[in-house]
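First the structure, in the form of structure tokens, and then the observations on it.
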Number of protein chains: 2
Amino acid sequence: MACCDLKGMLTFLVLWIINKEPANGASIAREIEKRKGCKPSPGTIYPVLKDLKEKGLVTVKEKEYHITDKGHKELHAGCSLFKKIFYDVEEICRKCD
Amino acid sequence: MACCDLKGMLTFLVLWIINKEPANGASIAREIEKRKGCKPSPGTIYPVLKDLKEKGLVTVKEKEYHITDKGHKELHAGCSLFKKIFYDVEEICRKCD
DNA sequence: ACACAACTATCGGTTAACCGATACTTACTT
DNA sequence: AAGTAAGTATCGGTTAACCGATAGTTGTGT
């Protein structure tokens, strides 16, 4: 990963959601809406999915996006970095609503 | 916050670091290096600090950046959103190194 | 078969996060 | 006092994340 590259959290989130449960684009968008409070437009979600597909991180089976082994590894790596960077965020999160 | 705007994690991280302990620009950069594995360039870190200053989220006292009340609130809000979006990331993080 | 809704997809444009290079200032050493 | 290291700051440019608009596709009900 490039230095100080903290963009791409949406891609990470999408991969995370697919990892939890295979889904189609529309329901992924709905899940993001549930988490974020606003729904990503089609112009946001589909390019992300296309990108993930091209990178071999997800595949389409029966009109649903599934995570691949490679995707699993990538997600794992992302989580590790994430944890390394924000290992102590829980300190304040504990105080949050 | 704008819809699906997950950029700006660096700003969030900087604010988080200052919240933990007042620091000057250089030591903030070093702390980020420790967490991320690579050091943000001056051209990255100082504009971020300037931005935070202009928004009234931090102040400079004795050549160190301190978080303000407003900064605290912003950080708290960020953490809440963060937690709402990634409430279940710990599931996989538990399995991480 | 037709109409309507839900889903998928692409494209152009905007925005801003981030970086490298550079220059200036402050502190510390001898 | 001079020289060197550390810290601060700015500017221009690049990149890519994200969005809105638009169009095509698939499915469903009647």
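Lettering of chains follows the sequences in order, A, B, ..., and the numbering in each one begins at 1.
When the nucleotides C:dT8, C:dA9, C:dA21 are ranked by their closest atom to the side chain of A:Tyr65, C:dA9 comes out on top. Which of C:dC19, C:dT10, C:dC7 sits closest to the side chain of A:Pro47 comes down to C:dT10. Distances from the side chain of B:Ser41 to the nucleotides C:dC19, D:dG7, C:dC18 place C:dC19 closest. Considering only side-chain atoms of B:Asn24, the nucleotide from C:dT8, C:dT10, D:dT8 that sits closest is D:dT8. Ranking D:dA21, D:dC18, C:dC7 by closeness to the A:Leu10 side chain, first place goes to D:dC18.
Of the two residues near DNA chain D, B:Lys53 and A:Lys63, the one whose nearest nucleotide lies more 5' is B:Lys53.
Rounded to a whole Å, the CD1 atom of A:Ile32 is 9 Å from the P atom of D:dC18. B:Met9 has its CE atom 10 Å from the P atom of C:dC18, to the nearest Å. To the nearest angstrom, P of D:dG27 lies 13 Å from CD of A:Glu64. Between B:Ile45 atom CD1 and C:dA17 atom C1' the separation is 12 Å, expressed in whole Å. Spacing between atom OH of B:Tyr46 and atom P of C:dA17 amounts to 19 Å, rounded to whole angstrom units. Distance CD (A:Glu33) to P (C:dC7): 12 Å, rounded to an integer number of Å. A straight line from CG of B:Leu49 to C1' of C:dC18 spans 14 Å, rounded to a whole angstrom. Rounded to whole angstrom, the span from the NZ atom of A:Lys50 across to the P atom of C:dT10 amounts to 5 Å.
Between A:Glu31 and A:Arg35 a salt bridge is recorded (basic side-chain N to carboxylate O distance below 4.0 Å). Using a 4.0 Å cut-off between charged nitrogen and carboxylate oxygen, A:Lys73 and A:Asp69 do not count as a salt-bridge pair.
Applying the 4.0 Å criterion to OP1 and OP2 of C:dC7, one finds that A:Arg30 has a side-chain N or O inside that range.
Using a 4.0 Å heavy-atom cutoff across all strands shown, A:Gly43 reaches at least one base atom of the nucleic acid. Using a 4.0 Å heavy-atom cutoff across all strands shown, A:Phe12 reaches no nucleic acid atom at all.
Note on ring orientation: taking the six-membered ring where Trp is involved, the planes of A:Phe12 and B:Phe86 are tilted (angle from 30° to 60°).
To the nearest 0.5 angstrom, A:Leu49 atom CG is 11.5 Å from A:Leu57 atom CG.
The side chain to side chain contact (heavy atoms under 4.5 Å, CB included) test with B:Val58 is passed by exactly one of B:Asp51, B:Leu15, B:Asn19: B:Leu15.
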